[in-house]
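Heads up, the thing below is written out as structure tokens.
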2 protein chains.
Amino acid sequence: MVLGRTDDTGACCPGLLTAPLDEEQAGELAKVFKALGDPVRLRLLSMIASRAGGEVCVCDLTPAFDLSQPTISHHLKLLRQAGLIDCERRGTWVYYWLVPEMTDRLAGILTRPAGEPLPERTAPAGAAS
Amino acid sequence: MVLGRTDDTGACCPGLLTAPLDEEQAGELAKVFKALGDPVRLRLLSMIASRAGGEVCVCDLTPAFDLSQPTISHHLKLLRQAGLIDCERRGTWVYYWLVPEMTDRLAGILTRPAGEPLPERTAPAGAAS
DNA sequence: TCTCTATATTGACAGTCTTCGATTCAGCAC
DNA sequence: GTGCTGAATCGAAGACTGTCAATATAGAGA
């Protein structure tokens, strides 16, 4: 995982707004954002993240959508592969919960450092002459 | 735009981690994340956002990729439709810049409130029986 | 005017994604 | 063991996406 690192370098978020991403970073990040790029998955994620107790049974998620059970299962799998949620089987049921490290990382990547408040747009940057 | 609102309600970020999204919110948000869900667009965005001066000429972006000019133009259009960047024609050239309000909004949506540090996973939440 | 350069748009094709019904797998209860 | 229930996987159909070559458009300059 090449995304954001909050510890080892000391820098909170190398990314996106401060320096051009290289191809590998962009590929990794794109996978996660792609997982977020679907309304059903966003709703699933928000239902999981906001649930009191921190986890949700699939049996509570599926009936909230006008979609088949395999479709919901598929979306949950994609969210899990993106590292946004994790799950555990407990008896007959399966419970999902948010992986907050990943959303924290994304938030950091999208946050511009306060000290260097994004290059203000200034002038044509000397283009046309 | 239904996304994040930083002013009118007083709340900084209704979203995603604190309460289930409704269908409309999820649809709007998904469009933006979908725009971020492609490595080429992420690299374009980071090149635009990190550029000193705050804006970039398309003529500086296109040669950085092994892609045709129409393809880059297409990706820029999608980023613009998502509200992440904006542009202006200036003579023969077109300049793009970041719309920081949108990335701020996304960062807020992905940030959990410090006071209510995400429901700690506790127990099965009384599911079975 | 005509020509040249920089971007955008169009149309087409290949690949990917979302969705479903059917099936399979895991665990509980009898 | 058999049967039942909850969830995941498989395979296929249709929609959508990323890419290109070709073309169109906007502006500068002769």
Side-chain angles (χ1 to χ4, degrees), chain A residues 23 26-27 29-45 47-48 55-82 84-97 124-129, chain B residues 23 26-27 29-45 47-48 55-82 84-97 124-129:
Chain A
E23 271 179 82
L29 239 193
K31 282 183 204 163
V32 185
F33 281 127
K34 193 174 297 184
L36 293 174
D38 179 277
V40 175
R41 288 196 290 272
L42 279 178
R43 288 177 62 204
L44 283 168
L45 189 68
M47 291 173 73
I48 294 169
E55 56 184 24
V56 194
C57 176
V58 176
C59 60
D60 289 330
L61 295 171
T62 306
F65 296 84
D66 282 338
L67 292 170
S68 69
Q69 174 267 320
T71 298
I72 299 299
S73 186
H74 171 68
H75 284 304
L76 288 170
K77 182 181 184 178
L78 293 184
L79 285 171
R80 196 157 59 85
Q81 288 176 334
L84 286 158
I85 58 176
D86 203 354
C87 69
E88 175 184 277
R89 176 176 275 275
R90 207 173 295 145
T92 310
W93 293 274
V94 176
Y95 293 84
Y96 281 83
W97 59 86
S129 87
Chain B
E23 270 178 84
L29 240 194
K31 282 182 205 164
V32 185
F33 281 126
K34 194 173 298 184
L36 293 174
D38 179 277
V40 174
R41 288 196 290 272
L42 280 179
R43 288 179 61 204
L44 282 169
L45 189 69
M47 290 174 73
I48 294 170
E55 56 185 23
V56 194
C57 176
V58 177
C59 60
D60 289 330
L61 295 172
T62 305
F65 297 83
D66 282 337
L67 292 170
S68 69
Q69 173 268 320
T71 298
I72 299 300
S73 186
H74 171 67
H75 285 303
L76 288 170
K77 183 180 184 178
L78 293 184
L79 286 171
R80 196 158 61 83
Q81 288 177 333
L84 287 159
I85 58 176
D86 203 354
C87 68
E88 176 183 276
R89 170 166 225 118
R90 208 172 295 144
T92 309
W93 293 274
V94 177
Y95 293 84
Y96 281 83
W97 59 85
S129 92

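All of these numbers come straight from a predicted model, not from anything done at the bench. The chains referred to below are lettered A, B, ... by the order of the sequence lines, with proteins before strands, and numbering in each begins at 1.
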- Under 3.5 Å: donor-acceptor pair, side chain of A:Arg43, backbone of B:Gly27: no

- Does any N or O in the side chain of B:Thr62 come within less than 3.5 Å of the main-chain N or O of B:Val58, such that one atom is a donor and the other an acceptor? yes

- Side-chain N or O of B:Tyr95 closer than 4.0 Å to phosphate OP1/OP2 of C:dA6: no

Mind checking whether [X] and [Y] have side chains closer than 4.5 Å, heavy atoms only?
X: A:Leu45; Y: A:Arg41; answer: no
X: B:Asp86; Y: B:Tyr96; answer: no
X: B:Leu76; Y: B:Leu61; answer: yes
X: A:Leu36; Y: B:Leu29; answer: no

Measure the distance from [atom1] on [X] to [atom2] on [N] and round it to the nearest whole Å.
X: A:Leu79; N: C:dT18; atom1: CG; atom2: C1'; answer: 14 Å
X: B:Leu61; N: C:dT7; atom1: CG; atom2: P; answer: 9 Å
X: B:Trp93; N: C:dC4; atom1: CH2; atom2: P; answer: 17 Å
X: B:His75; N: C:dT7; atom1: NE2; atom2: C1'; answer: 15 Å
X: A:Ile72; N: C:dT18; atom1: CD1; atom2: P; answer: 12 Å
X: B:Gln81; N: C:dA8; atom1: CD; atom2: P; answer: 12 Å
X: A:Lys31; N: C:dT16; atom1: NZ; atom2: P; answer: 14 Å
X: A:Lys34; N: C:dG15; atom1: NZ; atom2: C1'; answer: 11 Å

Could you go over nucleotides 9-14 of chain D and give all protein N or O partners under 3.5 Å, atom names and distances?
none

Nucleotide N/O of nucleotides 27-30 of chain C paired with protein N/O under 3.5 Å:
none

- Task: Give one of base, sugar-phosphate or nothing for B:Leu67, where a contact means two heavy atoms less than 4.0 Å apart.
- Result: sugar-phosphate

- Note on the structure: Of all heavy-atom pairs linking A:Ala26 and B:Pro39, the shortest is CB-O, 3.6 Å

- What are the two closest non-hydrogen atoms of A:Val56 and A:Asp60, and how far apart are they? CG1-CB, 3.9 Å

- Task: Please figure out whether A:Leu78 or B:Cys59 has its closest DNA chain C nucleotide nearer the 5' end.
- Result: B:Cys59

- Just wondering, are more than 12 heavy atoms of other shown residues or ligands nearer than 6.0 Å to CD in A:Glu23? no

- Which of the following nucleotides, C:dA6, C:dT18, D:dA7, is nearest to the side chain of A:Arg41? C:dT18

- Query: Of the nucleotides C:dA6, C:dT19, D:dA8, which one has an atom closest to the side chain of A:Val94?
  - Reply: D:dA8

